[in-house]
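Read through the structure below, which is laid out as C-alpha coordinates, and then see the notes.
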Amino acid sequence: FVQPRLAAVAQILRQAPAPPADPADVVEIRLIDGSTPLFFFHDGYGDITYAYNVARHVNAPISLYGVPPSPSLLLDTSALTIEALAARYLQVIRSLQPHGSYRLAGWSAGGTVAFELARQIIAAGDAVDFLALIDTSFTYGPEVVVGSENTGGENDPPDTDAMVSRFVSRFLSRRLPEADCAAFVTLAREHNCSAALSLLQARNIVPMDLQPDFVFRYLQFLDRLLVSLSAYRPQLVSAPTTLFVATDDKPLDIYSRGWSTLIPTERLHIVPLKGNHFSIVKEPLARSLGSFLTERLLLADGTAGRNRS
(Lines give C-alpha, C1' and ligand atoms only; values in the text may rest on other atoms or scores of the structure.)
Protein backbone atom coordinates (compact mmCIF):
# COMPACT_ATOMS: atom_id res chain seq x y z
CA PHE A 1 0.00 0.00 0.00
CA VAL A 2 1.78 3.06 -1.33
CA GLN A 3 0.03 5.86 0.54
CA PRO A 4 0.40 5.51 4.35
CA ARG A 5 -1.41 8.81 4.81
CA LEU A 6 -4.73 7.45 3.53
CA ALA A 7 -4.09 4.05 5.07
CA ALA A 8 -3.92 5.62 8.52
CA VAL A 9 -7.11 7.60 7.99
CA ALA A 10 -8.84 4.54 6.57
CA GLN A 11 -7.96 2.51 9.65
CA ILE A 12 -9.48 5.21 11.88
CA LEU A 13 -12.66 5.28 9.83
CA ARG A 14 -13.06 1.53 10.29
CA GLN A 15 -13.26 1.99 14.05
CA ALA A 16 -16.31 2.85 16.12
CA PRO A 17 -16.39 6.32 17.70
CA ALA A 18 -14.11 6.47 20.73
CA PRO A 19 -15.37 7.66 24.10
CA PRO A 20 -13.88 10.87 25.50
CA ALA A 21 -10.30 10.57 26.73
CA ASP A 22 -9.79 7.11 25.27
CA PRO A 23 -6.04 6.29 25.20
CA ALA A 24 -6.69 4.34 21.99
CA ASP A 25 -6.79 7.73 20.27
CA VAL A 26 -3.01 7.97 20.81
CA VAL A 27 -0.43 5.94 18.87
CA GLU A 28 2.65 4.87 20.82
CA ILE A 29 5.78 5.50 18.76
CA ARG A 30 8.33 4.95 21.52
CA LEU A 31 7.86 4.30 25.23
CA ILE A 32 10.44 5.18 27.89
CA ASP A 33 9.10 4.74 31.41
CA GLY A 34 9.24 7.75 33.69
CA SER A 35 9.84 10.31 30.96
CA THR A 36 7.76 13.33 30.03
CA PRO A 37 6.36 12.43 26.59
CA LEU A 38 6.32 14.44 23.40
CA PHE A 39 3.03 14.37 21.46
CA PHE A 40 3.04 14.79 17.66
CA PHE A 41 -0.28 15.93 16.13
CA HIS A 42 -1.61 14.90 12.73
CA ASP A 43 -1.12 17.06 9.66
CA GLY A 44 -3.77 18.59 7.42
CA TYR A 45 -4.51 15.20 5.87
CA GLY A 46 -5.08 13.47 9.20
CA ASP A 47 -1.75 11.66 8.95
CA ILE A 48 1.06 11.07 11.48
CA THR A 49 3.52 9.36 9.12
CA TYR A 50 5.86 12.36 9.44
CA ALA A 51 6.12 11.70 13.19
CA TYR A 52 7.56 8.23 12.58
CA ASN A 53 10.05 9.67 10.08
CA VAL A 54 11.29 12.27 12.54
CA ALA A 55 11.03 10.14 15.71
CA ARG A 56 13.69 7.67 14.61
CA HIS A 57 16.18 10.55 14.75
CA VAL A 58 15.11 11.95 18.13
CA ASN A 59 17.81 10.81 20.55
CA ALA A 60 16.41 12.36 23.71
CA PRO A 61 15.36 9.78 26.38
CA ILE A 62 11.62 10.51 26.20
CA SER A 63 8.44 8.74 25.14
CA LEU A 64 6.99 9.74 21.77
CA TYR A 65 3.32 9.54 20.80
CA GLY A 66 1.36 10.38 17.68
CA VAL A 67 -2.15 11.80 17.86
CA PRO A 68 -4.24 10.96 14.75
CA PRO A 69 -7.78 12.27 14.23
CA SER A 70 -10.18 10.91 16.82
CA PRO A 71 -12.67 8.48 15.22
CA SER A 72 -15.62 10.44 16.59
CA LEU A 73 -14.38 13.62 14.87
CA LEU A 74 -13.82 11.82 11.58
CA LEU A 75 -17.29 10.35 11.61
CA ASP A 76 -18.98 13.68 12.40
CA THR A 77 -17.19 16.74 11.02
CA SER A 78 -20.15 19.13 11.34
CA ALA A 79 -18.69 21.02 14.32
CA LEU A 80 -15.00 20.62 13.48
CA THR A 81 -12.88 23.68 14.29
CA ILE A 82 -9.24 24.01 15.33
CA GLU A 83 -10.43 24.95 18.83
CA ALA A 84 -12.66 21.86 18.99
CA LEU A 85 -9.84 19.61 17.77
CA ALA A 86 -7.50 20.99 20.42
CA ALA A 87 -10.10 20.56 23.17
CA ARG A 88 -10.64 16.96 22.15
CA TYR A 89 -6.91 16.26 22.03
CA LEU A 90 -6.41 17.82 25.45
CA GLN A 91 -8.74 15.12 26.80
CA VAL A 92 -6.80 12.51 24.83
CA ILE A 93 -3.32 13.42 26.05
CA ARG A 94 -4.55 13.85 29.63
CA SER A 95 -5.68 10.22 29.53
CA LEU A 96 -1.97 9.38 29.36
CA GLN A 97 -0.48 12.39 31.16
CA PRO A 98 -3.01 13.93 33.56
CA HIS A 99 -0.90 17.00 34.38
CA GLY A 100 1.87 19.10 32.82
CA SER A 101 4.29 20.20 31.93
CA TYR A 102 3.34 19.13 28.43
CA ARG A 103 5.44 18.79 25.28
CA LEU A 104 3.73 19.28 21.95
CA ALA A 105 4.82 19.21 18.31
CA GLY A 106 3.23 19.34 14.90
CA TRP A 107 4.24 19.59 11.27
CA SER A 108 2.27 21.85 8.95
CA ALA A 109 -1.35 22.01 10.15
CA GLY A 110 -0.37 19.78 13.08
CA GLY A 111 1.59 22.73 14.43
CA THR A 112 -1.55 24.86 14.33
CA VAL A 113 -3.38 22.25 16.40
CA ALA A 114 -0.43 22.02 18.83
CA PHE A 115 -0.32 25.81 19.18
CA GLU A 116 -4.03 26.06 20.01
CA LEU A 117 -3.70 23.13 22.41
CA ALA A 118 -0.84 24.92 24.19
CA ARG A 119 -3.07 27.98 24.54
CA GLN A 120 -5.88 25.92 26.07
CA ILE A 121 -3.52 24.11 28.45
CA ILE A 122 -2.07 27.38 29.75
CA ALA A 123 -5.53 28.94 30.01
CA ALA A 124 -6.56 25.97 32.19
CA GLY A 125 -3.71 26.75 34.58
CA ASP A 126 -1.31 24.03 33.48
CA ALA A 127 2.12 24.34 31.86
CA VAL A 128 3.72 23.70 28.48
CA ASP A 129 7.51 23.57 28.54
CA PHE A 130 8.08 22.63 24.90
CA LEU A 131 6.18 23.56 21.73
CA ALA A 132 7.58 22.72 18.28
CA LEU A 133 6.00 24.22 15.18
CA ILE A 134 7.45 22.39 12.17
CA ASP A 135 7.06 24.62 9.12
CA THR A 136 3.65 25.75 10.33
CA SER A 137 2.02 28.78 8.73
CA PHE A 138 0.95 31.62 10.99
CA THR A 139 -2.37 31.93 9.17
CA TYR A 140 -3.99 30.17 6.23
CA GLY A 141 -5.41 32.60 3.72
CA PRO A 142 -8.55 32.14 1.64
CA GLU A 143 -6.48 30.38 -1.04
CA VAL A 144 -6.57 27.29 1.19
CA VAL A 145 -10.24 26.88 0.36
CA VAL A 146 -10.20 28.39 -3.11
CA GLY A 147 -12.95 27.12 -5.37
CA SER A 148 -15.55 26.80 -2.64
CA GLU A 149 -18.64 28.95 -2.51
CA ASN A 150 -19.43 27.32 0.83
CA THR A 151 -16.85 28.46 3.38
CA GLY A 152 -18.40 26.39 6.06
CA GLY A 153 -20.90 27.36 8.67
CA GLU A 154 -21.23 24.58 11.21
CA ASN A 155 -24.51 23.34 9.78
CA ASP A 156 -23.83 23.96 6.09
CA PRO A 157 -24.04 20.91 3.83
CA PRO A 158 -20.78 19.77 2.26
CA ASP A 159 -19.98 21.34 -1.12
CA THR A 160 -19.11 18.21 -3.09
CA ASP A 161 -17.55 20.00 -6.05
CA ALA A 162 -15.31 22.06 -3.77
CA MET A 163 -14.30 19.03 -1.71
CA VAL A 164 -13.40 17.04 -4.80
CA SER A 165 -11.47 19.93 -6.35
CA ARG A 166 -9.40 20.44 -3.23
CA PHE A 167 -8.68 16.74 -2.83
CA VAL A 168 -7.48 16.47 -6.41
CA SER A 169 -5.42 19.67 -6.40
CA ARG A 170 -3.78 19.11 -3.01
CA PHE A 171 -3.34 15.33 -3.03
CA LEU A 172 -4.16 13.31 -6.14
CA SER A 173 -2.54 15.65 -8.67
CA ARG A 174 0.90 14.75 -7.30
CA ARG A 175 0.20 11.01 -7.42
CA LEU A 176 -1.96 10.26 -10.47
CA PRO A 177 -1.85 11.14 -14.19
CA GLU A 178 -4.11 13.96 -15.32
CA ALA A 179 -6.52 11.55 -17.02
CA ASP A 180 -7.04 9.58 -13.79
CA CYS A 181 -7.62 12.78 -11.83
CA ALA A 182 -10.25 13.87 -14.35
CA ALA A 183 -11.94 10.47 -14.15
CA PHE A 184 -12.01 10.63 -10.35
CA VAL A 185 -13.56 14.12 -10.45
CA THR A 186 -16.32 12.92 -12.78
CA LEU A 187 -17.12 9.85 -10.68
CA ALA A 188 -17.06 11.73 -7.38
CA ARG A 189 -19.32 14.51 -8.64
CA GLU A 190 -21.75 11.86 -9.86
CA HIS A 191 -21.62 10.36 -6.32
CA ASN A 192 -20.45 7.11 -7.86
CA CYS A 193 -18.52 6.19 -4.72
CA SER A 194 -17.89 2.56 -5.71
CA ALA A 195 -16.28 3.47 -9.02
CA ALA A 196 -14.30 6.34 -7.52
CA LEU A 197 -12.98 4.06 -4.80
CA SER A 198 -12.15 1.33 -7.34
CA LEU A 199 -10.07 3.81 -9.32
CA LEU A 200 -8.05 4.75 -6.22
CA GLN A 201 -7.62 1.10 -5.28
CA ALA A 202 -6.47 0.15 -8.78
CA ARG A 203 -3.78 2.84 -8.57
CA ASN A 204 -2.68 1.60 -5.12
CA ILE A 205 -3.72 4.84 -3.42
CA VAL A 206 -6.05 3.27 -0.83
CA PRO A 207 -6.44 -0.26 0.63
CA MET A 208 -8.58 -2.86 -1.12
CA ASP A 209 -10.86 -3.54 1.86
CA LEU A 210 -12.41 -0.08 2.20
CA GLN A 211 -16.12 0.59 1.89
CA PRO A 212 -17.28 3.07 -0.79
CA ASP A 213 -18.40 5.70 1.74
CA PHE A 214 -14.75 6.14 2.76
CA VAL A 215 -14.21 8.49 -0.19
CA PHE A 216 -16.79 11.02 0.95
CA ARG A 217 -16.09 10.61 4.65
CA TYR A 218 -12.48 11.44 4.01
CA LEU A 219 -13.33 14.30 1.66
CA GLN A 220 -15.68 15.78 4.26
CA PHE A 221 -13.02 15.55 6.96
CA LEU A 222 -10.37 17.11 4.72
CA ASP A 223 -12.74 19.82 3.55
CA ARG A 224 -13.83 20.84 7.06
CA LEU A 225 -10.26 20.81 8.35
CA LEU A 226 -9.09 23.09 5.54
CA VAL A 227 -11.95 25.49 6.16
CA SER A 228 -11.20 25.44 9.90
CA LEU A 229 -7.55 26.25 9.27
CA SER A 230 -8.53 29.21 7.12
CA ALA A 231 -10.89 30.51 9.82
CA TYR A 232 -8.49 30.02 12.74
CA ARG A 233 -6.83 33.07 14.27
CA PRO A 234 -3.96 32.31 16.69
CA GLN A 235 -3.91 34.09 20.04
CA LEU A 236 -1.07 34.99 22.39
CA VAL A 237 0.78 31.97 23.83
CA SER A 238 3.66 32.21 26.32
CA ALA A 239 5.00 28.65 25.94
CA PRO A 240 8.67 28.19 24.99
CA THR A 241 8.38 27.65 21.24
CA THR A 242 10.73 26.39 18.54
CA LEU A 243 9.75 27.27 14.99
CA PHE A 244 11.41 25.08 12.34
CA VAL A 245 11.34 26.73 8.92
CA ALA A 246 11.96 25.07 5.54
CA THR A 247 13.98 27.79 3.84
CA ASP A 248 13.68 26.49 0.27
CA ASP A 249 10.05 27.63 0.23
CA LYS A 250 10.18 31.14 1.65
CA PRO A 251 12.40 33.82 3.22
CA LEU A 252 12.99 33.07 6.88
CA ASP A 253 12.06 36.53 8.18
CA ILE A 254 8.75 36.64 6.33
CA TYR A 255 7.72 33.21 7.59
CA SER A 256 8.58 33.93 11.21
CA ARG A 257 7.14 37.43 11.33
CA GLY A 258 3.58 36.42 12.22
CA TRP A 259 4.56 34.07 15.03
CA SER A 260 6.83 36.68 16.58
CA THR A 261 3.80 38.92 17.12
CA LEU A 262 2.17 36.32 19.40
CA ILE A 263 5.10 34.60 21.09
CA PRO A 264 7.44 36.72 23.27
CA THR A 265 10.86 37.12 21.65
CA GLU A 266 12.65 35.48 24.56
CA ARG A 267 10.40 32.41 24.18
CA LEU A 268 10.62 32.00 20.39
CA HIS A 269 13.59 30.16 18.90
CA ILE A 270 13.76 29.87 15.10
CA VAL A 271 15.63 27.03 13.40
CA PRO A 272 16.14 27.27 9.60
CA LEU A 273 16.19 23.94 7.75
CA LYS A 274 17.40 23.12 4.26
CA GLY A 275 14.63 21.65 2.18
CA ASN A 276 11.01 22.40 1.33
CA HIS A 277 7.80 21.93 3.28
CA PHE A 278 7.52 18.23 2.40
CA SER A 279 11.15 17.15 2.15
CA ILE A 280 12.13 18.19 5.69
CA VAL A 281 9.97 15.39 7.17
CA LYS A 282 11.25 12.70 4.80
CA GLU A 283 14.61 10.98 4.52
CA PRO A 284 17.31 12.10 4.33
CA LEU A 285 16.36 15.55 5.67
CA ALA A 286 14.25 14.14 8.52
CA ARG A 287 17.57 13.23 10.16
CA SER A 288 18.52 16.90 10.41
CA LEU A 289 15.12 17.86 11.79
CA GLY A 290 15.32 15.06 14.35
CA SER A 291 18.77 16.21 15.46
CA PHE A 292 17.65 19.80 15.96
CA LEU A 293 14.52 18.59 17.74
CA THR A 294 16.72 16.53 20.07
CA GLU A 295 18.81 19.60 20.92
CA ARG A 296 15.75 21.64 21.80
CA LEU A 297 14.22 18.83 23.87
CA LEU A 298 17.41 18.34 25.88
CA LEU A 299 17.50 22.08 26.50
CA ALA A 300 13.88 21.94 27.69
CA ASP A 301 14.85 19.05 29.99
CA GLY A 302 17.53 21.18 31.57
CA THR A 303 15.24 24.16 31.96
CA ALA A 304 12.45 22.03 33.46
CA GLY A 305 14.92 20.49 35.90
CA ARG A 306 16.08 23.88 37.11
CA ASN A 307 12.49 25.04 37.50
CA ARG A 308 11.64 21.99 39.63
CA SER A 309 14.69 22.27 41.89
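Each residue takes its place number in the sequence, starting with 1.
A distance of 10.5 Å separates OH in Y52 from CG in L64, rounded to the nearest 0.5 Å. Interatomic distance, L80 CG to S228 OG, rounded to the nearest 0.5 Å: 4.5 Å. Taking CD of E116 as the reference point, atom CG of L90 lies at 10.5 Å (rounded to 0.5 Å). Within the model, atoms CD1 of I93 and CG of L117 stand 4.5 Å from one another, a figure rounded to the nearest 0.5 Å. Atom OG1 of T242 and atom CD1 of I270 lie 10.0 Å apart (nearest 0.5 Å). Here the CZ-CG distance, from R287 to N53, works out to 12.0 Å after rounding to the nearest 0.5 Å.
The salt bridge (charged side-chain N to carboxylate O under 4.0 Å, His left out) analysis of residues 258-279, with sequence neighbours excluded, yields no pairs. Among residue pairs with one or both ends in residues 54-69, those qualifying as side-chain hydrogen bond (donor to acceptor under 3.5 Å, both in side chains) are S35-S63, H57-E283; sequence neighbours excluded.
Nearest heavy atom pair, residue D126 against residue R94, reads OD2-NH2, 3.9 Å. Contact between F221 and P69 at its shortest, heavy atoms only, is CZ-CG, 3.7 Å. Annotation for G106 and Y50: closest pair CA-OH, 3.4 Å, computed over non-hydrogen atoms. For V237 against P264, the heavy-atom pair with the smallest separation is O-CD, 3.6 Å. The shortest non-hydrogen separation linking F115 to Y232 is CD2-OH, 3.7 Å. Between Y89 and P68, the closest heavy-atom pair is OH-O, 3.8 Å.
Under the 3.5 Å distance criterion, with hydrogens and angles disregarded, no donor-acceptor pair is assigned to the side chains of H42 and D47.
Distance alone, capped at 3.5 Å, is enough to place a donor-acceptor pair between the S95 side chain and the V92 backbone. R103 places no side-chain N or O within donor-acceptor distance of the main-chain N or O of G100, the cut-off being under 3.5 Å. Between the side chain of W107 and the backbone N or O of H277 there is at least one donor-acceptor pair closer than 3.5 Å. At least one donor-acceptor pair under 3.5 Å links the side chain of T136 to the backbone N or O of S108.
Side-chain atoms of L197 and S194, non-hydrogen and from C-beta on, never get closer than 4.5 Å to each other. Looking only at side-chain heavy atoms (C-beta outward), S279 and L273 stay at 4.5 Å or farther from each other. You'll find the side chain of P234 reaches within 4.5 Å of the side chain of F138, heavy atoms only. Considering only heavy atoms from C-beta on, W259 stays 4.5 Å or farther from T241 through its side chain. Taking 4.5 Å as the limit, every side-chain heavy atom of T36 sits out of range of all side-chain heavy atoms of S101. Side-chain atoms of L133 and L131, non-hydrogen and from C-beta on, do get closer than 4.5 Å to each other. Side-chain atoms of L226 and R224, non-hydrogen and from C-beta on, never get closer than 4.5 Å to each other. Residues F41 and T112 fail the side-chain proximity criterion, which asks for heavy atoms closer than 4.5 Å.
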I would like to know whether I62 and L297 meet side-chain contact (heavy atoms from CB on, under 4.5 Å); could you show each step before the answer?
CA-CA 9 Å; I62 63 171; L297 283 164; 3.7 Å; yes
Check the pair Y102 / Q97 against side chain to side chain donor-acceptor pair (under 3.5 Å), numbers first and verdict last.
CA-CA 8 Å; Y102 291 98; Q97 183 189 349; 5.3 Å; no
Using the rule given for side-chain contact (heavy atoms from CB on, under 4.5 Å), can you reason through L225 versus I82, listing the C-alpha separation, both sets of side-chain angles and the distance that settles it, and then say yes or no?
CA-CA 8 Å; L225 184 55; I82 299 304; 4.1 Å; yes
Begin with the C-alpha distance, continue with both residues' side-chain angles, and end with the deciding distance and a verdict on side-chain contact (heavy atoms from CB on, under 4.5 Å) for T81 and L85.
CA-CA 6 Å; T81 64; L85 277 178; over 6 Å; no
Using the side-chain contact (heavy atoms from CB on, under 4.5 Å) rule, take I121 and L104 through it: C-alpha gap first, then chi angles, then the decisive distance, then the call.
CA-CA 11 Å; I121 288 171; L104 316 171; 4.1 Å; yes
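Evaluation of the side-chain hydrogen bond (donor to acceptor under 3.5 Å, both in side chains) rule for E295 yields no partner, not counting sequence neighbours.
Follow the hydrophobic side-chain contacts under 4.5 Å out from L38 and you never reach I32; the two are in separate clusters. When hydrophobic clusters are built by joining Ile, Leu, Val, Met, Phe, Trp and Tyr residues whose side-chain heavy atoms come closer than 4.5 Å, directly or via intermediates, L243 is not grouped with L285.
Shown are L289, D43, V271; of these, the side-chain contact (heavy atoms from CB on, under 4.5 Å) with I134 is made only by L289.
The residues R296 and D301 are annotated as not salt-bridged, no charged nitrogen and carboxylate oxygen being separated by less than 4.0 angstrom.
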